[in-house]
J.: 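I have a structure I would like to understand better, so I am pasting it below and will then ask my questions one at a time.
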Amino acid sequence: MLERIKQWGVRRVYGYPGDGINGILAAFGRQEGDDAIEFVQTRHEEMAAFMACGHAKFTDEVGVCLATSGPGAIHLLNGLYDAKLDHQPVVAIVGQQKRASLGASYQQEVDLVTLFKDVAGEFVQMATSPEQVRHLVDRAFRIAQARNCVTCVIVPNDIQEEDAVPTPPREHGSTFSGVGIARRALVASDDALQAAADVLNAGSKVAILAGAGAHGATDELIEVAELLGAGIAKALLGKAVVPDDVSFCTGTIGMIGTEASDTMMKECDTLLMVGSSFPYAEFLPQEGQARAVQIDIDGAMLGLRYPMDVNLAGDAAATLRALIPLLKKKDARSWRERIERNVEQSWRTLDERAREPAKPINPQRAFSELSPRLPGDVILTGDSGSVAAWYALHLRLKRGMLASLSGGLATMGSAVPYALAAKMAHPGRPVIALAGDGAMQMNGINGLLTVARHWQRWSDPTFVVMVLNNRDLNFVTWEQRGMQGEPKYEPSQQLPDFSYAAFAHMLGLGGERVEDPEQLGAAWERALKAGKPFVLEVLADPDIPPFPPHIVDKQAGQYKEAIAKGDAEGADVQRGMTQQGSKA
Ligand SMILES: Cc1ncc(C[n+]2csc(CCOP(=O)(O)OP(=O)(O)O)c2C)c(N)n1
Ligand SMILES: [Mg+2]
């Protein structure tokens, strides 16, 4: 099994042991040579799955995780769903009880095929004989890559102890599978491309929305936008796809998007959507307002959020390259200039908001101070929570930077494991994880133990975990106010205080708690130059609504209702909402 996995190019497997996989772990131990697969022990199987997903996100490779039967397998699930919902190729290998015990209500016996049937629906199989192992590995890796999905191979522990059968016998019923798959560069037919070009050429106010699927198509997107005089908005997962210093890049879209993106979508007459399944369709043009073209590698994801005129199944870069010769350069520049003015205004507003005083630190300031200090080749990860909003709004990413967070599942706890996987795949690049205190208490603190164990092997030790310590599950607190019109429910929302920086010191890492906003810039510099991993703990004000000003203004009525119903932080909520753009 390991030999075959190695042939698929795997160099690292994230996992956690148990008697369900001791046979496989013994094989790890027997490996010799430079190409031995590294086993990375995580603190929790969920972290192993997050790391496999992070590996897939920050490389062009399949991520692999390994867990034991029963509880270990179950722990993987959330991380695997994160990969499924963000369309990442991940293979999960899990143990199972001995074949003879299956169906006997045996200890730790869980029906794993059924358990994984949803998350790994494209391919989940349990080996019942050693002859199967070769083709199960081949199919799991090929399907994960071909369909950008999660697959799963289940191996009962007694099979792990049998002799390997590297080549099945040449007899009826055997199958003879092989290794490898070339990257796809699928492009739709010439007719479909011409139809798409006709739609784009006819428009006079073209808006582009790019998502994670447009990764690798930066030049093509910019060239298309130049030809069409268009602006480019980005879905959250596509944040690194187009640099924020491009004057017509309107930034992110949606609840945690800029007003410039919002205005562009409201006013456009033509939409080009590339590699995105951005879910909040109310932020796209109104149905009937715009003619539209979509490009997606997965034909099943086309025409899902807006009734497109032309749906192109295909690779983003290859399809855009094929479209470019068919596009006519638009001479009128007023639409483009309007977009650029709105982009400038959005950045100005956000910078002003970040400088507003708060108690003690305006969380936005932690991001606006980081932004100009981002190392050129940084890899950024963000967690779910208010961090995601400030990450989306305040970081001006440059070309060559990589960044991701849990988009589709929006699960807490992904930032630190993603960052670890990024660092293990790219030990020479600086990595920054941005997480809330809730996410740290859920699993990030434990992830720091893994950081402490591994960092001395990294050629560049720069690894910063910035914790927004607001003693609150803040994003949800604001959802209680802004979506329900209800006050913060203290028993569910308040978090225990904890000294993340002191904990970092305990582990031999660098750490600092910042309580004065004027210290933030210097603290970021110390963290980035520490020469070892660093936990930068920012004591943040929980009463700044984690939305851009135009959204805050829209939700103001509900915030007021929450205050009227007796929100314990009422006065500060009023201050925060006014500061963040509400006129109410
Ligand atoms: C696993 C999981 N549980 C619950 C949620 C719902 N949720 C989304 S954001 C959030 C609050 C996050 O709190 P924290 O990490 O402290 O970040 P903050 O918003 O306070 O900055 C919660 C509970 C989730 N997304 N994922
Ligand atoms: Mg918090």
Side-chain angles (χ1 to χ4, degrees), residues 44-47 49-50 53 74-86 119 236-237 254-256 279 354 358-367 370 381-395 405-419 433-448 465-484 486 488-500 513-514 535-547 552 569 572-573 576 580:
H44 187 297
E45 291 85 353
E46 182 191 69
M47 293 250 207
F50 278 141
C53 178
I74 294 166
H75 267 179
L76 284 180
L77 281 176
N78 191 54
L80 293 180
Y81 272 103
D82 178 43
K84 176 184 171 74
L85 269 62
D86 281 352
V119 73
L236 189 56
L237 285 176
M255 290 293 286
I256 52 177
K359 291 181 179 173
I361 292 184
N362 188 326
Q364 298 169 92
R365 180 89 180 257
F367 292 75
L370 166 63
T381 68
D383 221 292
S384 193
S386 73
V387 159
W390 309 135
Y391 159 103
L393 293 166
H394 288 280
L395 296 181
L405 34 63
S406 170
L409 190 61
T411 174
M412 287 170 70
S414 52
V416 171
Y418 273 16
L434 306 159
D437 47 355
M440 287 305 285
Q441 293 180 16
M442 195 173 262
N443 72 2
I445 293 172
N446 296 345
L448 292 175
V465 178
M466 194 277 282
V467 186
L468 221 47
N469 181 356
N470 52 20
R471 288 118 10 243
D472 184 30
L473 295 167
N474 196 239
F475 198 78
V476 173
T477 298
W478 280 98
E479 285 174 336
Q480 291 177 342
R481 293 176 183 133
M483 305 181 71
Q484 254 73 43
E486 291 291 334
K488 171 179 179 176
Y489 179 55
E490 304 275 341
S492 72
Q493 298 315 106
Q494 217 143 47
L495 287 175
D497 197 7
F498 182 79
S499 179
Y500 306 88
R513 182 178 203 163
V514 187
V535 174
L536 184 65
E537 181 188 343
V538 176
L539 217 60
D541 188 336
D543 292 315
I544 310 288
F547 300 104
V552 168
E569 292 161 29
D572 281 316
V573 168
Q580 190 63 5

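Atoms within a ligand are numbered from 1 in the order they appear, just like the ligands themselves. The structure displayed is predicted, hence computed values, not measured ones.
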J.: For Gln441 and Pro496, work out which heavy atoms get closest and say how close.
T.: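 Shortest heavy-atom contact: NE2-O, 2.9 Å.
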J.: Any idea which N/O/S atom from Asp437 gets closest to the Mg ion (ligand 2)?
T.: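 Of all N, O or S atoms belonging to Asp437, OD1 is the one nearest the Mg ion (ligand 2).
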J.: With a cut-off of 2.8 Å, does any N, O or S atom of Asn469 fall short of it relative to the Mg ion (ligand 2)?
T.: no
J.: Under a 3.5 Å distance rule, please check whether Asp86 uses its side chain to pair with a backbone N or O of Gly408 as donor and acceptor.
T.: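 Yes, because the side chain of Asp86 sits within donor-acceptor range (under 3.5 Å) of the backbone of Gly408.
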J.: Quick one: are Phe367 and Leu434 in side-chain contact, heavy atoms under 4.5 Å?
T.: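 A side-chain contact exists here, since the closest heavy-atom pair is under 4.5 Å.
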J.: Provide the atom name of the closest N, O or S atom of Asp472 relative to the Mg ion (ligand 2).
T.: O
J.: Is a donor on one side and an acceptor on the other found under 3.5 Å between the side chain of Ser406 and the backbone of Thr411?
T.: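 Yes, the answer is positive, given that a donor and an acceptor are paired below the 3.5 Å cut-off.
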J.: If the plane angle is over 60° it's perpendicular, under 30° parallel, otherwise tilted; pick one for Phe547 and Phe475.
T.: tilted
J.: Before giving the answer on salt bridge (Lys or Arg N to Asp or Glu O under 4.0 Å), spell out for Glu569 and Arg481 the whole-Å C-alpha distance, their side-chain angles and the decisive distance to 0.1 Å.
T.: CA-CA 11 Å; Glu569 292 161 29; Arg481 293 176 183 133; 3.5 Å; yes
J.: Hey, what's the ring geometry for Trp390 with His394, parallel, tilted or perpendicular (30° and 60° as the breaks)?
T.: tilted
J.: Distances for all N or O pairs of ligand 1 and the protein under 3.5 Å?
T.:
| unit_1 | atom_1 | unit_2 | atom_2 | d |
| --- | --- | --- | --- | --- |
| ligand 1 | 15 (O) | Gly438 | N | 3.3 |
| ligand 1 | 15 (O) | Ala439 | N | 2.9 |
| ligand 1 | 16 (O) | Asp437 | N | 3.4 |
| ligand 1 | 16 (O) | Asp437 | OD1 | 2.7 |
| ligand 1 | 16 (O) | Gly438 | N | 2.8 |
| ligand 1 | 16 (O) | Asp472 | O | 3.0 |
| ligand 1 | 19 (O) | Ser386 | N | 2.8 |
| ligand 1 | 19 (O) | Asn474 | N | 3.4 |
| ligand 1 | 19 (O) | Phe475 | N | 2.9 |
| ligand 1 | 20 (O) | Asn470 | OD1 | 3.2 |
| ligand 1 | 20 (O) | Asn470 | ND2 | 3.1 |
| ligand 1 | 20 (O) | Asp472 | O | 2.7 |
| ligand 1 | 20 (O) | Asn474 | N | 2.8 |
| ligand 1 | 21 (O) | Ser386 | N | 3.4 |
| ligand 1 | 21 (O) | Ser386 | OG | 2.5 |
| ligand 1 | 21 (O) | Asn470 | ND2 | 3.4 |
| ligand 1 | 25 (N) | Ala410 | O | 2.8 |
| ligand 1 | 26 (N) | Met412 | N | 3.1 |

